[in-house]
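Report on one structure; see the data block that follows.
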Amino acid sequence: MAQKPSIPKGTRDFSPLEVNRRNYIISTIKKHFQHFGFQPIETPSFENYDTLMGKYGEEGDRLIFKILNSGDFLKKVPDDVYQEKNSTQLTPKIVEKALRYDLTVPFARYVVQHQNELDFPFKRYQIQPVWRADRPQKGRFREFYQCDADVVGSTSLWQEVEFVQLYDAVFTSLGLKGTVIKINNRKILSGFAEVMGQPDKLIDFTVALDKLDKIGKEKVIEEMQSKGITPEAIHKLAPIFDLSGNFLEKITQLKQLLASSEVGLKGVEELAFIQKVIATMPLVTAQLDLDVTLARGLNYYTGAIFEVAAPKTVKLGSIGGGGRYDDLTGIFGLKGMSGVGISFGLDRIYLALEELDLFPKTQENATQLLFINFGEEEALYAAKALHKLREIGVNAELYPDNAKMKKQMNYANKRSIPFVVMVGTKEIAEETYTLKNMLTGTQETLKLTDLIGAVKQEVL
RNA sequence: GUGGAUGUAGCUCAGUUGGUUAGAGCGCUUGAUUGUGGUUCAAGAGGUCGUCGGUUCGAGACCGAUCUUCCACCCCA
């Protein structure tokens, strides 16, 4: 081999085991999406450059994979732009397509484009890969799947309630106990800025506040002051650094704190409603927690903000997130469409399940039975039983070559195939099959109907 | 995008201040065993030491660049 082939940075190959496990997670999520009335859509891997640019902030624009135009693309570039060597100016001249960066913006585009065919509120789910030109880290890749569910065209808080229940249903189903669904509301954060009397500092304030559990109260206050937030303002909001108690108690404290802010109180009310409904129908394994430091996606979220933390036993960040964005489709010209949605972090969930050993032991797709090949005539005889077994739903195969017994048995071992059937001249003469259990080592010789019965009992 | 670590056989890793032919364990192939796998024993295959360049009589080791993976920041799933 001249040089070992490789794959681009931040991309992965998946082995059969990994694909089976990923499919297990995806099919579980999909099942619950459907239970909650979401319908699947798919959108292209790449969109028009203009559709994506400017939607994710300056940082986002940099992380979008751009697709170079075909043909002699440099010919059309004006000389002055070419001479300048300014990438930001040159890029739009040589690029008109870009890889999907997330599923939300393509969804917004989809809704606007198909608005006349859709019945609102429109509930869709979408499970597809997205691409980001990020620097990879553990659990972070340049190509990864997002599993999103969104509702567009309804401002009802029942949607938020349902998403909390959906999270609970999926993680319960996966056996992932002790997840914490953290919820916040953008209106509460706006309320904080109002109470401070520095509404222009909203972003600086929340970005710093978001780091509370990471760097601690002192450092957060330090950062806020360095951003020009006055000590008086911070003092007014001091209670939020030590907010404690259960959901209801936090609500009570926030009501007092935000008494002077109309929008802030509105946010508190919204959370109170969600908590009230959830309280009447308790979650199975997840815990709902009010976390005012939650400040993800501030650029677009306008109401609820969600984030799901993995169980404390695994050191992983969030395994899901979401929120409400009034005017989801406004950027594409359709005003007044409120959207709310959540996302599942497939790769993080995979890591969590792996660490907690929660993947089902029996791999659905794996071969359950192997016919040993003793030669042409024997193979033909075996193939008839093989066909029958497949018909009743057994995953079975015939070793394709008349290889040494040892080799064939080894093959069954390596692939963890639990049963092996041997047919030689003796069995053909008796019209029987010898079924061997590879785990216990026991074997018995059976007629076809008994073989089918035995296999049925063991593997189905 | 900024800063730091890393790379030796399929995998996990040794390799002394630069010095003959680069090692181990596991895995792999073959045999002991022509209808019985996992255990055991024996033999064998497999490396231009990430890549390119430099220093040197001599580089796996030192220097530079580049790529990969990982970590922190930023951001995020």
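Computed from a predicted structure; not experimentally measured. Chain letters run A, B, ... following the sequence lines, proteins first, then strands; residues in each count from 1. Both backbone and side-chain heavy atoms feed into the values below; hydrogens, waters and symmetry mates do not.
By the 4.0 Å N-to-carboxylate-O rule, A:R12 lies too far from A:E18 to be salt-bridged with it. Taking 4.0 Å as the cut-off between side-chain N and carboxylate O, A:R324 and A:E270 do not count as a salt-bridged pair. Ion pair A:D102/A:K55 not flagged as a salt bridge, since none of the NZ, NE, NH1 or NH2 atoms sits closer than 4.0 Å to an Asp/Glu carboxylate oxygen. We find that A:E397 and A:R415 are joined by a salt bridge, their nearest charged nitrogen and carboxylate oxygen being less than 4.0 Å apart.
Checking A:L63 against A:F374, the closest nucleotide of RNA chain B that is more toward the 5' end is the one next to A:F374. Of the two residues near RNA chain B, A:D134 and A:G424, the one whose nearest nucleotide lies more 5' is A:G424.
You won't find any donor-acceptor pair under 3.5 Å spanning the side chain of A:R62 and the base of B:rC75, going by distance alone. Applying the 3.5 Å distance criterion, the base of B:rU36 shares no donor-acceptor pair with the side chain of A:Q408. Residue side chain A:E58 does not reach the base of B:rG1 through any donor-acceptor N/O pair under 3.5 Å, judged by distance alone. Residue side chain A:R135 does not reach the base of B:rU69 through any donor-acceptor N/O pair under 3.5 Å, judged by distance alone. Judged by distance alone with a 3.5 Å cut-off, a donor-acceptor contact links the side chain of A:K436 to the base of B:rU36.
By the salt bridge (charged side-chain N to carboxylate O under 4.0 Å, His left out) test, A:K211 is found to be paired with A:E223, residues two or more places apart in sequence or in another chain being considered.
To the nearest whole angstrom, the two P atoms, one in B:rG53 and one in B:rU17, are 29 Å apart. Between B:rG47 and B:rC13, the distance separating the two C1' atoms is 15 Å to the nearest Å. Taking atom P in both B:rC28 and B:rU39, the straight-line distance is 9 Å, to the nearest Å. Between B:rA24 and B:rA14, the two C1' atoms lie 7 Å apart (nearest whole Å). Distance noted for atom C1' between B:rA9 and B:rG44: 15 Å (whole Å). Taking the P atom of each, B:rU68 and B:rC26 are spaced 34 Å apart, rounded to whole Å. Rounded to a whole angstrom, the distance from the P atom of B:rG4 to that of B:rG64 is 12 Å. Separation of the P atoms belonging to B:rG1 and B:rU66 is 12 Å when rounded to the nearest angstrom.
Residue A:Y145 is out of contact with every strand shown, counting any heavy-atom pair closer than 4.0 Å. A:I349 comes within 4.0 angstrom of no nucleic acid atom, judged by non-hydrogen atoms across all strands. Here A:G441 lies in heavy-atom contact (under 4.0 Å) with a base. Here A:G375 lies out of heavy-atom contact (under 4.0 Å) with every strand.
For RNA chain B, the stems formed by at least three consecutive Watson-Crick or G-U pairs, with both atom-pair distances below 3.5 Å, span B:1-5 with B:69-73, B:10-13 with B:23-26, B:28-32 with B:40-44, B:50-54 with B:62-66.
Between A:Y56 and A:Y101, the ring planes are tilted. Angles from 30° to 60° get that label.
Annotation: side chain of A:W131 is in contact with side chain of A:S45 (closest heavy-atom distance under 4.5 Å).
A straight line from CG of A:L17 to C1' of B:rC11 spans 16 Å, rounded to a whole angstrom. For A:D210 and B:rC74, the CG to P distance is 10 Å, given to the nearest whole Å. Between the CH2 atom of A:W131 and the P atom of B:rA77 there is a distance of 16 Å, rounded to whole Å.
For B:rC73, neither phosphate oxygen OP1 nor OP2 lies less than 4.0 angstrom from any side-chain nitrogen or oxygen of A:K211. An OP1 or OP2 oxygen of B:rA72 is reached within less than 4.0 angstrom by a side-chain nitrogen or oxygen of A:Q137.
Comparing B:rC76, B:rU36, B:rG35 by their nearest atom to the side chain of A:T425 picks out B:rG35. For A:D347, counting side-chain heavy atoms from C-beta on, the closest listed nucleotide (B:rG37, B:rU69, B:rA77) is B:rA77. Taking the side chain of A:E427 as heavy atoms from C-beta on, and the options B:rC75, B:rC76, B:rG35, the nearest nucleotide is B:rG35. Taking only side-chain atoms of A:S318, from C-beta outward, the nucleotide of B:rA77, B:rG37, B:rC74 with the closest atom is B:rA77. Out of B:rG35, B:rC76, B:rC75, the shortest distance to the side chain of A:R348 is found at B:rC76.
At most 12 non-hydrogen atoms from other residues, nucleotides or ligands lie less than 6.0 angstrom from CD of A:Q39.
If you run ring-ring contact (aromatic ring centres under 6.0 Å, His included) between A:F344 and each of A:Y167, A:Y125, A:Y350, A:F306, only A:Y167 comes through. With A:E354 as reference, A:R21 is the one residue of A:R348, A:R22, A:R21 to meet the salt bridge (charged side-chain N to carboxylate O under 4.0 Å, His left out) rule.
A donor-acceptor distance shorter than 3.5 angstrom exists from the side chain of A:R100 to the backbone of A:P44, with no hydrogens or angles considered.
Remark: ring of A:F144 overlaps the six-membered base ring of B:rA77 in a stacked fashion, centroids less than 5.5 Å apart, planes less than 30° apart.
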Can you give one letter per nucleotide of nucleotides 27-34 of chain B, going 5' to 3': B for a protein heavy atom under 4.0 Å from the base, S for sugar-phosphate only, - for none? -S--SB--
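Ring centroid separation for the pair A:F419 and A:Y433 does not come in under the 6.0 Å cut-off.
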